[in-house]
Number of protein chains: 2
Amino acid sequence: MATGRTHRPATRSRGIPEATVARLPLYLRALTALSERSVPTVSSEELAAAAGVNSAKLRKDFSYLGSYGTRGVGYDVEYLVYQISRELGLTQDWPVVIVGIGNLGAALANYGGFASRGFRVAALIDADPAMAGKPVAGMPVQHTDDLEKIITDNGVSIGVIATPAGAAQQVCDRLVAAGVTSILNFAPTVLSVPDGVDVRKVDLSIELQILAFHEQRKAGEEGSGDGTAAPAAAQEHRKGPDGDVPAVMPA
Amino acid sequence: MATGRTHRPATRSRGIPEATVARLPLYLRALTALSERSVPTVSSEELAAAAGVNSAKLRKDFSYLGSYGTRGVGYDVEYLVYQISRELGLTQDWPVVIVGIGNLGAALANYGGFASRGFRVAALIDADPAMAGKPVAGMPVQHTDDLEKIITDNGVSIGVIATPAGAAQQVCDRLVAAGVTSILNFAPTVLSVPDGVDVRKVDLSIELQILAFHEQRKAGEEGSGDGTAAPAAAQEHRKGPDGDVPAVMPA
DNA sequence: CCATCTTTGTGCACGCGTTCACAAAGACAT
DNA sequence: ATGTCTTTGTGAACGCGTGCACAAAGATGG
Ligand SMILES: NC(=O)c1ccc[n+]([C@@H]2O[C@H](COP(=O)([O-])OP(=O)(O)OC[C@H]3O[C@@H](n4cnc5c(N)ncnc54)[C@H](O)[C@@H]3O)[C@@H](O)[C@H]2O)c1
Ligand SMILES: NC(=O)c1ccc[n+]([C@@H]2O[C@H](COP(=O)([O-])OP(=O)(O)OC[C@H]3O[C@@H](n4cnc5c(N)ncnc54)[C@H](O)[C@@H]3O)[C@@H](O)[C@H]2O)c1
């Protein structure tokens, strides 16, 4: 023990590795499915297959939570569902606000998957005066002017940002100032926040670009056995202004 | 060298670490913003700050692409934009299909951020007969029956799945069979695909659960110095059926 | 042409995460 | 009660990713 306290505030939390935390929801989903089929117990092998991970990894992940599981039998599904839920903090209610009720924000508001895990949409907030009062997903959109009051009154600690990129940092600052300490950001911007505030981002564009990279690689590897490149070899790269870059080079 | 060829087909691609690939779009975004402001050159320090990463990491990332950059000066913005775009495969056109035009699918279809990076929405596909022909984002929704033909005719290699979870694997199988080799999955399911097909998932629910975990930790740490737990100590864990679990235990 | 100063490119060490492999634990049959 | 058989929990090795720190490169000014 005593590994902590070396100015590492947000890396390892209470002994549970971040990578493990990120997989717990995955296990929880698989377990919930088993629970609905009234499966009483499950082995690490079976559950790992359902979650799409290595079984040793799963066992090690669970070992951070404690010694649940019975050798020779496996894990009690219901019990594990409860333990993981508790560890993730899903046994309590998390009021959430969504800021920016456009295409994406409205889709999120309409999404049923929120409530299923203890996340309750407490308010929808938008800067457009024309939207104020309009019902979205059976809930009136509120104006940004009341943001601070909404956060405080509802005890909101998790905020979702679905505004255009240009407004995201400003919205973020206001959310944080009002007391929000966790932010899920859908806008394509790097948010800067004070210590103690967690930001996670969902970036569709980045995901597509990563896919495109691998896609290009597959296509290029197709013909040649090695995969270095199909076209003109030996043109590794070059700083020379002409011949390589198609007219985009500055000067 | 010669580290490769140990049956590692999808980990390191052409020498560029996966972690680096995932950051390239981030750099590209920051560089594009600089380009629009007509900034000619940028130092690793400045660019790293804009992208929210360590400057040494950024330099190492770029070193995988080649020796662009001039010592004492920095990197040529336009040149770097081009090089990264090329590396990511964004200099070519990527036709994309979106399957499942509900709340989320429609939002994605309406999203302008697609086209900006070479991704072109080639078709919108839904299983609901009532939706067929309906225009969404200025484009008629097509029926699932024609999925294979649409993929083939448009040379689509990237598919986006925004159907309910129950339909995702089936849709995925059809996409793959039709020739799609990269999938972006929004449905909360683990997709199984043959080798050579890349899947990336965007899972809102998982992100929220991770935030909730840290949020709970912050709240629990507040009062106590150690942060082990506030309530009844010494109840480490226990397999016994009663007393710990709040009526969810099976038998 | 030389000196100085800025900034890159990278060698190196360290820590986290993953995976293998196996001993210990316990269920179950006899 | 004892043996067998299944499956957990984890020690240990390895590889990837990160960040420090610095030498080399080259621009810039005299
Ligand atoms: N639509 C998608 O599929 C999608 C996908 C990935 C990322 N995104 C990102 O999500 C964000 C929203 O996308 P969208 O398509 O819903 O855009 P949108 O233009 O439809 O909606 C943006 C909404 O934010 C509101 N808004 C603007 N400034 C605000 C402020 N300061 N405070 C509160 N609300 C404000 C606007 O009134 C509008 O209703 C963008 O940053 C976009 O890049 C969207
Ligand atoms: N809406 C959100 O904000 C959100 C957020 C995270 C995840 N998700 C996930 O994204 C998916 C879509 O969510 P949604 O809110 O848009 O749901 P939705 O019910 O509004 O839309 C689903 C659409 O898929 C179509 N569909 C069903 N089966 C199909 C099939 N076999 N082939 C083609 N199309 C089919 C339906 O006709 C419908 O139009 C779900 O899996 C959901 O869990 C949604």
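Predicted, not measured: the structure shown is a model, and the values here were computed from it.
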Check residues 204-211 of chain A and write down every donor-acceptor pair under 3.5 Å in which the side-chain atom is one partner and the other belongs to a residue at least two apart or another chain.
from, atom 1, to, atom 2, distance (Å)
A:S205, OG, A:Q209, NE2, 2.9
A:E207, OE1, B:R200, NE, 2.4
A:E207, OE1, B:R200, NH2, 3.2
A:Q209, NE2, A:S205, O, 3.4

* Asked: When the distance from OH of A:Y68 to C1' of D:dT10 is rounded to whole Å, what number comes out?
  ->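 Those two atoms, OH and C1', are 17 Å apart.
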* To do: Round to the nearest Å and state the distance from B:R71 atom CZ to D:dA27 atom P.
  =>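 Checked: the CZ to P distance equals 11 Å.
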* Quick one: is B:Y75 getting a side-chain N or O under 4.0 Å of the C:dG9 phosphate, OP1 or OP2? ->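 Answer is yes, contact under 4.0 Å.
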Short heteroatom pairs, N/O only, protein and nucleotides 28-30 of chain C, under 3.5 Å:
none

* With sequence neighbours excluded, give me every salt bridge (Lys or Arg N to Asp or Glu O under 4.0 Å) pair touching residues 180-189 of chain B. =>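 Every candidate salt bridge (Lys or Arg N to Asp or Glu O under 4.0 Å) pair involving residues 180-189 of chain B fails, so no pair, neighbours aside, qualifies.
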* **Pairs involving residues 27-37 of chain A, ordered by first then second residue, that meet salt bridge (Lys or Arg N to Asp or Glu O under 4.0 Å) (sequence neighbours left out)** =>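 Output for this query lists A:R29-B:D203.
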Ignoring hydrogens and angles, write down the donor-acceptor pairs under 3.5 Å from the side chains of residues 48-58 of chain A, residues two or more places apart or on other chains.
from, atom 1, to, atom 2, distance (Å)
A:N54, OD1, A:A56, N, 2.7
A:N54, OD1, A:K57, N, 3.4
A:S55, OG, A:E45, OE1, 3.4

* Quick one: side-chain hydrogen bond (donor to acceptor under 3.5 Å, both in side chains) partners of B:S157, sequence neighbours excluded? ->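 With sequence neighbours excluded, B:S157 shows a side-chain hydrogen bond (donor to acceptor under 3.5 Å, both in side chains) to no residue whatsoever.
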* To do: Apply side-chain hydrogen bond (donor to acceptor under 3.5 Å, both in side chains) to A:S35 and list each qualifying residue two or more places apart in sequence or on a separate chain.
  =>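 Once residues adjacent in sequence are excluded, the partners of A:S35 under the side-chain hydrogen bond (donor to acceptor under 3.5 Å, both in side chains) criterion are A:E78.
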* **With sequence neighbours excluded, residues passing salt bridge (charged side-chain N to carboxylate O under 4.0 Å, His left out) with B:R174** =>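 Result, salt bridge (charged side-chain N to carboxylate O under 4.0 Å, His left out) vs B:R174: B:E148.
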* **Qualifying residues under salt bridge (charged side-chain N to carboxylate O under 4.0 Å, His left out), relative to B:R117, sequence neighbours excluded** =>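 None.
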* Give, ordered by number, those residues of residues 44-58 of chain A having at least one heavy-atom distance below 4.0 Å to an atom of DNA chain C; if nothing qualifies, reply none. =>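 Here the set is A:N54, A:A56, A:K57.
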* Listed in order of residue number, which residues of residues 22-31 of chain A have a non-hydrogen atom at under 4.0 Å from DNA chain C? ->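 Listed by number, they are A:R23.
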* What residues form a ring-ring contact (aromatic ring centres under 6.0 Å, His included) with A:Y27, not counting sequence neighbours? ->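 Residues passing ring-ring contact (aromatic ring centres under 6.0 Å, His included) with A:Y27: A:F62.
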* Judged by modelled atom types alone, do B:T181 and A:E215 share a side-chain donor-acceptor pair under 3.5 Å? ->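 Side chains of B:T181 and A:E215: pair found under 3.5 Å.
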* Asked: When the aromatic ring centroids of B:Y68 and B:Y75 are compared, is their separation below 6.0 Å?
  ->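 Not close enough - the centres of the two rings lie 6.0 Å or further apart.
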* To do: Would you mind telling me which of C:dT18, C:dG9, D:dT18 lies closest to the side-chain atoms of B:R59?
  =>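 Comparing C:dT18, C:dG9, D:dT18 against the side chain of B:R59, the answer is C:dG9.
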* Asked: Is there a donor and acceptor pair closer than 3.5 Å between the side chain of B:K60 and the base of C:dG9?
  ->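 Counting by modelled atom types and ignoring angles, no donor-acceptor contact under 3.5 Å is found here.
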